[in-house]
Protein chains: 2
Amino acid sequence: MPTRYKGSPEEIRALNCYIKLTRASETLAAALRAPLAREGLTTGQLGVLEALLHLGPMNERELGRKLLRSGGNITVVVDNLERRGLVGRERSREDRRCVTVALTPEGLRFIRGVFPGHAARITAVLSALSPEEQRELGRLCRKLGRGAEAEDVLPHRAMASG
Amino acid sequence: MPTRYKGSPEEIRALNCYIKLTRASETLAAALRAPLAREGLTTGQLGVLEALLHLGPMNERELGRKLLRSGGNITVVVDNLERRGLVGRERSREDRRCVTVALTPEGLRFIRGVFPGHAARITAVLSALSPEEQRELGRLCRKLGRGAEAEDVLPHRAMASG
DNA sequence: TTCGTATACTTTGAATTCATATTATTTCAA
DNA sequence: TTGAAATAATATGAATTCAAAGTATACGAA
């Protein structure tokens with residue numbers, strides 16, 4: 001389903017690539033959402049638990065940077081995980097503005113039980129691509145992502161040329 | 001920032017590819033969100049307006065399928081666009097369950113003014129990749145997306161192997 | 001014809017998400 | 001030492017998003 005926009009060949013190419021990237025990412029996210037919901041987890045909650053499992057305790061600012069989410073969002077997601085007793089907050093003693101978030105023993109047991117299935121589902125979906133294709137897809141995404149980060153200024157330039 | 005999960009090489013490869021895909025898509029989405037917000041549009045609203053512009057009037061079910069969104073979500077987004085006078089609803093006469101959504105003259109003028117800038121920003125970000133790389137990225141994403149769609153059943157298999 | 005099922009949309013309730021404002025704390029310069 | 005600016009977290013308000021339940025309409029089989 002290519003774009004019907006009447007633009008230059010360069011624009012058509014970019015729009016088609018953008019659409020496919022977005023749709024692949026959203027389709028994959030949707031396929032992972034349902035099984036997680038059965039465990040009572042949202043995608044954002046899983047992200048927080050996984051970060052704490054694999055990287056150790058950290059404060060909300062660090063969580064936001066790792067997960068590409070706003071600080072306000074992290075506060076809410078951590079609130080909901082704390083309400084379930086899966087994570088705990090502790091005010092840092094060196095810098096009393098910071099709050100360290102860590103898995104509780106219960107949260108550790110829980111995420112250890114859940115993550116392998118999640119990883120297996122990702123692996124199963126990704127197996128539609130050969131190992132070589134997976135590496136190439138990763139390389140192109142990383143290159144593209146770095147470009148997009150760098151171009152916070154970009155809107156202005158783009159508007160100027162439009 | 002590769003995953004720290006201790007799994008098989010196959011799992012590590014899949015997880016790293018998945019992370020890069022997701023981050024690229026989210027970084028790109030974030031880069032496009034801010035300029036749209038300045039026009040008073042959310043990403044979902046732009047999606048509806050663009051679909052109506054390039055594909056013509058259609059009902060909510062069709063919009064949901066094109067945009068990969070739930071019916072309930074389409075209802076809300078169309079509500080908000082209707083409140084601004086950018087789209088109109090009309091009950092279909094052949095099948096009175098359906099509601100056809102169409103751009104108003106005002107909505108047509110508006111999206112025609114906004115879309116070129118949006119397309120230009122996408123093109124600018126995508127220019128981090130060569131034309132050949134863009135085509136390859138598109139191919140890999142389409143292949144992956146098709147696989148993910150097909151595997152609605154997948155969670156069960158993945159769980160069984162976990 | 002009529003009843004059960006399927007479909008299109010809407011509503012509801014909960015969680016996410018962001019931007020912005022506020023509060024508490026730290027840091028740094030005068 | 002004191003006060004201004006920066007930073008971390010939280011609170012607030014609006015929109016998105018989904019799943020599930022509810023309503024109206026269409027369609028097909030008995």
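Order of the sequence lines sets the chain letters (A, B, ...), proteins ahead of strands, with each chain counted from 1.
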Chemist: I need the CZ-C1' distance between B:Arg33 and C:dT16, as an integer number of Å.
Modeler: 12 Å
Chemist: With a 4.0 Å cutoff (strictly under), does any side-chain N or O of A:Thr42 reach OP1 or OP2 of C:dT16?
Modeler: yes
Chemist: Go through the steps to decide whether A:Leu36 and A:Arg121 satisfy the test side-chain contact (heavy atoms from CB on, under 4.5 Å), and finish with yes or no.
Modeler: CA-CA 11 Å; A:Leu36 284 178; A:Arg121 289 187 288 273; 4.2 Å; yes
Chemist: For the pair made of CD in A:Glu26 and P in C:dT17, what is the distance, rounded to whole Å?
Modeler: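 Going from CD in A:Glu26 over to P in C:dT17 covers 13 Å.
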Chemist: To the nearest Å, give me how far apart CD1 (B:Ile74) and C1' (C:dA8) are.
Modeler: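 One finds 13 Å between C1' of C:dA8 and CD1 of B:Ile74, rounded.
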Chemist: Could you check how far CG of A:Asn59 sits from P of C:dT26, rounded to whole Å?
Modeler: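 The distance from CG of A:Asn59 to P of C:dT26 comes to 14 Å, rounded to the nearest Å.
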Chemist: Using a cut-off of strictly less than 4.0 Å between a heavy atom of the residue and any atom of DNA chain D, enumerate the qualifying residues of residues 95-102 of chain B by number.
Modeler: B:Asp95, B:Arg96, B:Arg97
Chemist: Nearest whole Å is fine: how far is D:dT16 P from B:Leu68 CG?
Modeler: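 The answer, rounded to whole Å, is 17 Å.
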Chemist: Rounded to the nearest 0.5 Å, how far does CZ of A:Arg65 lie from CE of A:Met58?
Modeler: 9.0 Å
Chemist: Listed in order of residue number, which residues of residues 75-89 of chain A have a non-hydrogen atom at under 4.0 Å from DNA chain D?
Modeler: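 Contacts with DNA chain D under 4.0 Å: A:Thr75, A:Arg89.
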Chemist: So, A:Glu106 and A:Arg109, do they make that salt bridge, N to O below 4.0 Å?
Modeler: no
Chemist: Figure out the CD/P separation between B:Glu60 and D:dC18, and round it to whole Å.
Modeler: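 Taking atom P of D:dC18 as the reference, CD of B:Glu60 is at 14 Å.
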Chemist: More 5' along DNA chain C: A:Thr43 or A:Arg93, using each one's nearest nucleotide?
Modeler: A:Thr43
Chemist: Please give, in whole Å, the distance from C:dC18 P to A:Leu67 CG?
Modeler: 11 Å
Chemist: With a sphere of 6.0 Å drawn around CZ of B:Arg89, does it hold more than 12 non-hydrogen atoms of other residues, nucleotides or ligands?
Modeler: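 Check passes, neighbour count above 12.
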Chemist: On DNA chain C, nearest-nucleotide positions of A:Gly71 versus A:Arg91: which is more 5'?
Modeler: A:Gly71
Chemist: Counting only heavy atoms not in A:Arg84, do more than 12 fall under 6.0 Å of its CZ?
Modeler: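 Correct, the count exceeds 12.
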Chemist: May I ask you to verify if any side-chain N or O of B:Ser70 is less than 4.0 angstrom from the OP1 or OP2 atom of D:dT17?
Modeler: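 False: B:Ser70 side-chain N/O out of range (4.0 Å or more) of D:dT17 OP1/OP2.
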Chemist: When you measure from the side chain of B:Thr104 to the backbone N and O of B:Leu86, does any donor-acceptor pair fall under 3.5 Å?
Modeler: yes
Chemist: Counting the atoms with a prime plus P, OP1 and OP2 as sugar-phosphate, which does B:Glu62 contact under 4.0 Å by heavy atoms, base, sugar-phosphate, or nothing?
Modeler: nothing
Chemist: Just the rounded figure in Å: distance from P of C:dT17 to CG of B:Asn73.
Modeler: 14 Å
Chemist: Is there a donor-acceptor pair closer than 3.5 Å between any side-chain N or O of A:Thr27 and the backbone N or O of B:Gly145?
Modeler: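 Such a contact is absent between A:Thr27 side chain and B:Gly145 backbone.
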Chemist: Using a 6.0 Å cut-off, check whether atom CZ of A:Arg91 has over 12 heavy atoms from anything other than its own residue.
Modeler: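 Yes, CZ of A:Arg91 has more than 12 neighbouring heavy atoms, counting only those of other groups under 6.0 Å.
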Chemist: Count the heavy atoms belonging to other residues, nucleotides or ligands that lie under 6.0 Å from CZ of B:Arg112, then report whether that count exceeds 12.
Modeler: no
